Each structure stands twice: as C-alpha cells, then as structure tokens.
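To start, the structure itself, in structure tokens.
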Protein chains: 2
Amino acid sequence: MNNVQEESLRDQKKSRRRRQILEIARGIIAAKGLRSLKVRDVAEAVGCSVGSVYNEFGDFDGVILTVNRETVQALTARLRGVPAEDPVRQLYGLAETYLDFFAGHANLLRSLFEHRMEDDRPYPDDILQMVMDAFALMHPPLVRLLPDADDVKIALLSRTLFSAVHGIISLGLEERMVAVPPQMLRQQIEQFLDVHLGGLGILPQR
Amino acid sequence: MNNVQEESLRDQKKSRRRRQILEIARGIIAAKGLRSLKVRDVAEAVGCSVGSVYNEFGDFDGVILTVNRETVQALTARLRGVPAEDPVRQLYGLAETYLDFFAGHANLLRSLFEHRMEDDRPYPDDILQMVMDAFALMHPPLVRLLPDADDVKIALLSRTLFSAVHGIISLGLEERMVAVPPQMLRQQIEQFLDVHLGGLGILPQR
DNA sequence: TACTCATATGAACATTGTTCAATTTAACTC
DNA sequence: GAGTTAAATTGAACAATGTTCATATGAGTA
C-alpha cells in the first residue's frame, strides 16, 4: 500500500478522464443547453464508453450536478472579487458582475436554477448551501450601510435584492421572451438599484 | 355540406377528447412537474391511443404549449381582476395576486417559464405576447402615479418591477433552494414594494 | 511472469417520444 | 338501410436515450 501523496497511474487516468467528461459536458450545456446533453455524445467526445461515465458519476444527474456545482463556485469566486471598499459601489458591482456572468454563461446558470432531479431525489445540500452563500454576499455591505437595522432584516433584504436582480436578469436574458440587449439590461439594473437604495435611505453617490 | 354553427358528432368527440387530454396533462404537470409528463400516461388516463394525442396536438410539445397558453391566460385573467381604483393598491394587488397564483400553481408556472422546445424551434408568438401583456399590466397604475415620466421609462419600469417580483417569488418558492413560507413571502414582497415605491417618490399609503 | 482485482467496455435492456400502415367509424349518397 | 368514401383511430414498430451488467482489459503486486 503506497503513501497518500503518491498518485497511481490509475488515479491519474481516472481524474484526467473525470476532468475531460466535465469539460465536454459543460461545453455542450453552455453551447446548446441542458436538454442537448446526451451521455453518448459526451462519451464519444471524451473517447470512452458510456459505462465509464456511469462509473465516474453514478448516473447522468451526477454529471449535471457536478457541472452545476462548478458553475456556482465560479460565480461565487467572481462575486467575491468585487471590491469592498465602498459598500455602495460593492452593491452595484455585485449586481453588474452577476449580470456579466449570467450573460456570458446563460445556459450554465439556467442549468443550475432549472434542473430538476429524476423522481424526487433531493438536490445536493452543498450546492444549495453555495447558492445561499452567494445570496449572502450582499449582506456585509448592507450591514455597513444600514447599521441600525437588525440582522434578520438585513438577511431578508439581501435575499430580496438578490432575487430581484436575478429575476430582472434571467427574464431579461430570456431571448425567447423579451431579449433585452445586455447593455440596456445593465442600465436597467443600475436604475433599479438607484431607486431601491434611494428607498432605503441610501444615496446612490455613483 | 352542413352549415357552420352545426357541430358534427366527429367534432364533438374531437373537442371533448382535446379537453380531456389537456385536463389530464395539466393535472400531471401541476402535481408532479413537467418532467413527469409522459405521452403514454396521458393516453391511458384519457382512454385513447398515443396516436390520438399526436393527431390532436402534432407533437408532445404541442400539449405542453397548450397547457402553458392556458396557464398564462388564467394568470392574466386573475391579474385583470385586481381593482384599479387606487393605483398604489393596484400595484400591491398585482404583486400579491401573482404570488397567490404562483404559490397555487408553481409547477404550471415553472412549465411556462422553463420549458425549452426540442431542437431550437421558436416559442409560439402568441404565448410570448400574452406574457408581455401580463407584464404590461403594471403600466397603467404607474402612469397615473408618475404622470411626468415618459412612456418608454414607464414601460421599462413596469417590466423591471414585474421581473423583480417574479424573481423574488420564483426563487422564494423554490423549495429545494430556499423555501420561504408563503406568508413570509407576502411580507417580503410588501416590503419590497414599500421601499421601491418610496424610492420612486410614491408614498405607500397602505 | 503469473496472479489478482479494480476498472473499462459496449451489447443489451428500459423508457419514452414518434411514425404510419391497417383498421374503424362517422358522414354522405342512393 | 346498405354501400361508399374519407377521415379519424389504433397500436405495433421504430428511434433516441438513460441505465445495467457480464465480460474483457490492464494496473498493481509478489
């Protein structure tokens, strides 16, 4: 039995293939939507059998969920990169970053928010938790801007704001529905924040 | 050749079966979600062959789209029923009515907003138009409340508000994600409108 | 090298949307 | 009412796709 830090040839191939499968699957979802993702297409593109996909991920939902997990991780990383010096600018930055990410990866985000499990199996807890964590990123700047509000109020407000922005973006980018051009969407979101922060007694100062 | 207003036995059976198919399909979507809708289940429940479903609706998307069409019609009817005397009350009423409808028919609304067509066939224009019309229901009360704003601004604002409320509700009711209890959601939406209308210079006066 | 067992394979199966040749039946004619 | 016709209905067969599992392969080990 070898030591922990050593990686056998087996493990190398395994993790290499695992990465390949995810890369191909993500590419297909991003390009043609979740509905166009097929086990056989993935297996062929990777150069392995369909059985290997199942060995690696258990079932096809496993592939999708892993892609979704990485999507929310990437989103959160981007959101964490928004400068936090000025809380007002941070709020605008969070919304605009979300818009950029959504516009650039619309199908990946739709996969995250719209995918339903087979039967009624529960959605993995860690993904839910990560989405909640992303929601909570508006919390700190709001606390700074509304020092007198209690924590529960702020938590509710941050979820409300995030959901509202999500709604504006996701419907706005729904090309089959309304198809607002991204540049106009940006303006729409800025105005939304102007008004809403104004309503909270926070002067935009942009 | 008979006259127009007469309905042949054939047509009676046809339209009766058409209604049955839609009823069953809507029931399945409402109860177990769009993913659980199967042609064979519908055919068996209606008591006809799968071929008849295809004769009537062309393909399975046709059934789904017809259910969706009736969903948005029902929603619009409910929204039109909101009293229009007081424009502020009307805005709150529209949001709350949307919440009630969404809470009562979550799977049907998800089918409306999340269903993707096979291949990349376009979504039927009339459904899109009806969704846009529903969006526009906030337009008249906003015009009354902001008589100095130009029409384009109002149109944008009404779409923004509708999308924001939609986001708060659809994510709030997403049981796998956050699962805000409906009563709390109602409060959340009222507060959201309080703040946002306040930011627009409209005093809540509820 | 020989042996062992984890992994990979892909043919076979299960489910589900779709088609269409054969059958049934309403509508019409006499 | 019997016969004719055209349209609707049927369901077996097909196609696409997720899933399984007996078998083959090959990495690890002595």
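A quick note: this is a predicted structure, and the numbers were derived from the prediction, not measured. Lettering follows sequence order; numbering is per chain, from 1.
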* At under 4.0 Å between heavy atoms, what does Tyr54(B) touch on the DNA or RNA strands: base, sugar-phosphate, or nothing? -> base

Please state how far atom [atom1] in [X] lies from atom [atom2] in [N], giving the value in whole angstrom units.
| X | N | atom1 | atom2 | value |
| --- | --- | --- | --- | --- |
| Leu34(A) | dG18(D) | CG | P | 10 Å |
| Asp59(B) | dA15(D) | CG | P | 19 Å |
| Ile64(A) | dG18(D) | CD1 | P | 9 Å |
| Glu44(B) | dG11(D) | CD | P | 12 Å |
| Arg18(B) | dT9(D) | CZ | P | 12 Å |
| Leu37(B) | dT15(C) | CG | P | 17 Å |
| Phe57(A) | dG18(D) | CZ | C1' | 16 Å |
| Asp61(A) | dT17(D) | CG | P | 17 Å |

* Structure fact -> Note: for Gly47(A) and Gly51(B) on DNA chain C, the residue whose nearest nucleotide lies more 5' is Gly47(A)

Can you tell if the side chain of [X] reaches within under 4.5 Å of the side chain of [Y], non-hydrogen atoms only?
| X | Y | result |
| --- | --- | --- |
| Val63(B) | Val53(B) | yes |
| Thr76(B) | Asp133(B) | no |
| Asp61(A) | Glu118(A) | yes |

* Tell me which nucleotide among dT18(C), dG18(D), dT10(D) gets nearest to the side chain of Val50(B). => dT18(C)

* Asked: Which one, dA13(D), dT9(C), dT17(D), comes nearest to the side chain of Arg40(B)?
  -> dA13(D)

* To do: Would you mind telling me which residue lines up with the more 5' stretch of DNA chain D, Phe60(A) or Glu56(B), judged by nearest nucleotide?
  => Glu56(B)

* For the pair Phe162(B) and Phe135(B), name the ring-plane relationship: parallel under 30°, tilted 30 to 60°, perpendicular over 60°. => parallel

* Asked: Would you call the rings of Phe192(B) and His196(B) parallel, tilted or perpendicular if under 30° counts as parallel and over 60° as perpendicular?
  -> parallel

Taking OP1 and OP2 of [N], is either one under 4.0 Å from a side-chain nitrogen or oxygen of [X]?
| X | N | result |
| --- | --- | --- |
| Ser52(A) | dT9(C) | yes |
| Ser49(A) | dG10(C) | no |
| Arg17(B) | dA8(D) | no |

